[in-house]
Amino acid sequence: MIGAGQAGLHLAESLRAFGFEGSVLLAGAEKGLPYQRPPLSKEFLLAESAAPTVLRSKEFLKSRGITLLDGHHIVSVRRDAGGGEARDSTGRAWAFTHLALATGASSRVLDLPGAGSPSVRYLRDLAHARRLRNAARSHRVRRIAIIGGGFIGLELAAAMTALGKSVTVLEVATTVLARAVDQRISRHVEGALLNRDVDLRCGVQPVAVLDSPSGATEVLLGDGTTVSADLVIAGIGATPRTEIAESLGLACDPGIVVDGRNLASDNRTVAAGDCTQPERSLFNPLGIRLESVNNAVTQARIGAATLAGVEPPTPSVPWFWSVIGDIRLQMAGMPPPGATADVQGDPSSGSFSIVFHREATLVAVQCVNDPARFAAGRKAIQRGSAVRPGQKA
């Protein structure tokens, strides 16, 4: 396994669960045990301790016969008819008979003049999070500009305001979370952020990051105005890490193209998690690349079953969550174009859902502080249940 994040770890675990008896090596570029990434934009920044939430202990991995090669950056892979060889940055070679790629994704980098400024930061891994945490606790950092109004940007905005920082969010679209949720949820989230004194600016285009000799930083916008900041955080998406896959000649578009068994285009390499581009399926009719814990775990289990030669688990409804201050968003399913959307619950109460259906079939739910409806909706989508407009999911 190349990649020791959520997908790589669950691939290794699932191989054992499905009866695979060969050696299992889990190679991760980061030093240390696999850890949870979602808290890095929320709880980790606010906690007294700077320790990550570990997914599995050394004892657990040992008990499953999984060898963790932490701090091993795999730089090249060679394949032959019988297996192949992976080589790390120290020059050491590791032979294998089966190969799984869980290489994840990297932060999409700002393509702006001045984007290389030391004031510009990203959040993708523990090292990034520790630097942000240290900066947030510095008395020299009072003003933070966040470029991007997606989940990461808004989670960071809520956390930084909780730490007493002055936060400005800059978003190109006319609403936050524009590509992810119903507009009514977007507006609700915007209201909650405004109540936290976040300076929320939608429909603006950052065009440059300007550093002055005095050390001050400004984000220049397309209309000529500027936003002053002591720290600029870019949360503008992620790019799948496909370098190894491309070196093996595997199809990538943009992630590693996988089929329903999570096999890559060579029909023998398995890939799972943020690095993949899935095919169209019942629960992902548009073949959208998914970045979530649920998707990483689901793909890992299917990929492990493929390698172990057993029947793969039944595909499940994709689901996702985000915590933005006091708002817990939970989503299940993927609303196709033309789906009808109804509100259930009272948005003014702070607890409501948007329920999507196509003809009489429930296809997605997007819930704000509404866990019961989320759980019921997720189960109903899995079953393919019929739902009438206004009917409780």
Side-chain angles (χ1 to χ4, degrees), residues 1 3 5-20 38 98 100-105 180 240 245 250-321 330-339 355-367 373-387 393:
M1 248 73 62
Q6 196 95 42
L9 175 63
H10 277 85
L11 252 164
E13 284 187 41
S14 298
L15 276 172
R16 292 302 188 214
F18 292 137
F20 183 79
H98 302 286
L101 301 177
T103 46
L250 303 180
C252 299
D253 185 29
I256 305 168
V257 177
V258 293
D259 63 14
R261 297 171 297 165
N262 275 89
L263 279 173
S265 57
D266 65 353
N267 208 38
R268 61 174 180 158
T269 301
V270 159
D274 291 357
C275 64
T276 63
Q277 172 62 49
E279 66 180 7
R280 298 180 181 223
S281 62
L282 174 63
F283 294 127
N284 189 354
L286 299 180
I288 295 173
R289 194 172 70 82
L290 303 174
E291 296 178 16
S292 69
V293 170
N294 164 250
N295 181 64
V297 172
T298 298
Q299 287 193 326
R301 285 178 54 78
I302 293 173
T306 298
L307 289 179
V310 301
E311 188 68 22
T314 301
S316 60
V317 176
W319 58 274
F320 178 81
W321 82 93
Q330 293 173 292
M331 293 149 279
M334 304 178 70
V355 176
F356 298 85
H357 47 91
R358 183 173 51 194
E359 297 178 350
T361 303
L362 181 68
V363 291
V365 290
Q366 297 177 354
C367 307
R373 188 168 280 117
F374 166 75
R378 180 179 158 195
K379 291 178 181 177
I381 297 166
Q382 185 74 44
R383 294 193 305 264
S385 298
V387 172

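If you read the sequence from its start, that first residue is 1, and numbering goes on from there. Any value given below was found using the heavy atoms of this structure, including those in side chains, with hydrogens, waters and symmetry copies removed.
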Q) Got a second to check how far T269's OG1 is from H98's NE2, nearest 0.5 Å? A) 11.5 Å
Q. Does R358 reach the main-chain N or O of L362 with its side chain, forming a donor-acceptor pair under 3.5 Å?
A. no
Q: Could you give me the CA-CA distance, side-chain angles and deciding distance for N262 and R301, then say whether side-chain hydrogen bond (donor to acceptor under 3.5 Å, both in side chains) is met?
A: CA-CA 9 Å; N262 275 89; R301 285 178 54 78; over 6 Å; no
**Q.** Between R289 and N295: side-chain donor-acceptor atoms closer than 3.5 Å
**A.** no
Q) Do L286 and M334 touch side chain to side chain, with heavy atoms closer than 4.5 Å? A) no
Q) At their closest point, which heavy atom of Q277 faces which heavy atom of G255, and how far apart are they? A) CB-O, 3.6 Å
Q: Find the distance between CD (Q366) and CZ (F374) and round it off to the nearest 0.5 Å.
A: 11.5 Å
Q | Backbone N/O of A251 and side chain of S265: donor-acceptor pair under 3.5 Å | A | yes
Q: May I ask you to test the P313-I302 pair for a side-chain heavy-atom distance under 4.5 Å?
A: yes
Q.
Taking G273's backbone N and O only, do any of them form a donor-acceptor pair with Q299's side chain (distance below 3.5 Å, no angle check)?
A. yes
(Q) With heavy-atom distances below 4.5 Å as the criterion, would you say the side chains of L282 and P315 are in contact? (A) no
**Q.** Short side-chain to backbone donor-acceptor contact, T306 and R261, under 3.5 Å
**A.** yes
Q: Would you sort out whether V297 and Q6 count as a side chain to side chain contact (heavy atoms under 4.5 Å, CB included), showing the intermediate values?
A: CA-CA 7 Å; V297 172; Q6 196 95 42; 4.0 Å; yes
Q | For P278 against N284, the heavy-atom pair lying closest together | A | CG-ND2, 3.7 Å
Q | Heavy-atom pair with the smallest gap, counting every atom of A264 and I256 | A | CB-CG2, 4.1 Å
**Q.** Distance in Å, L250 CG paired with N267 CG, rounded so as to fall on 0.5 Å steps
**A.** 11.0 Å
Q) Considering all heavy atoms of both residues, which atom of A102 and which atom of A7 are nearest to each other, and what is their separation? A) CB-CB, 4.0 Å
(Q) Working to the nearest 0.5 angstrom, can you tell me the gap between S316 OG and I381 CD1? (A) 11.5 Å
Q. Ignoring hydrogens and geometry, is there a side-chain-to-backbone donor-acceptor pair from N294 to W319 under 3.5 Å?
A. yes
Q: Report the C-alpha distance between L290 and F320 in whole Å, list the side-chain angles of each, state the deciding distance to 0.1 Å, and finish with yes or no for side chain to side chain contact (heavy atoms under 4.5 Å, CB included).
A: CA-CA 10 Å; L290 303 174; F320 178 81; over 6 Å; no
Q) Does a side-chain heavy-atom distance below 4.5 Å link L307 with F18? A) no
Q | Shortest non-hydrogen separation from T276 to A271 and the atoms involved | A | CG2-C, 3.6 Å
Q) Out of curiosity, T103 OG1 to M1 CE, how far, rounded to the nearest 0.5 Å? A) 13.0 Å
Q.
So does G104 get a backbone contact from the side chain of E291, meaning a donor-acceptor N/O pair under 3.5 Å?
A. no
(Q) To check you understand the geometry: which heavy-atom pair defines the closest contact between L11 and A100, and what is its length? (A) CD1-CB, 3.8 Å
Q. Can you check side chain to side chain contact (heavy atoms under 4.5 Å, CB included) on L263 and V270, steps first, answer last?
A. CA-CA 5 Å; L263 279 173; V270 159; 3.9 Å; yes
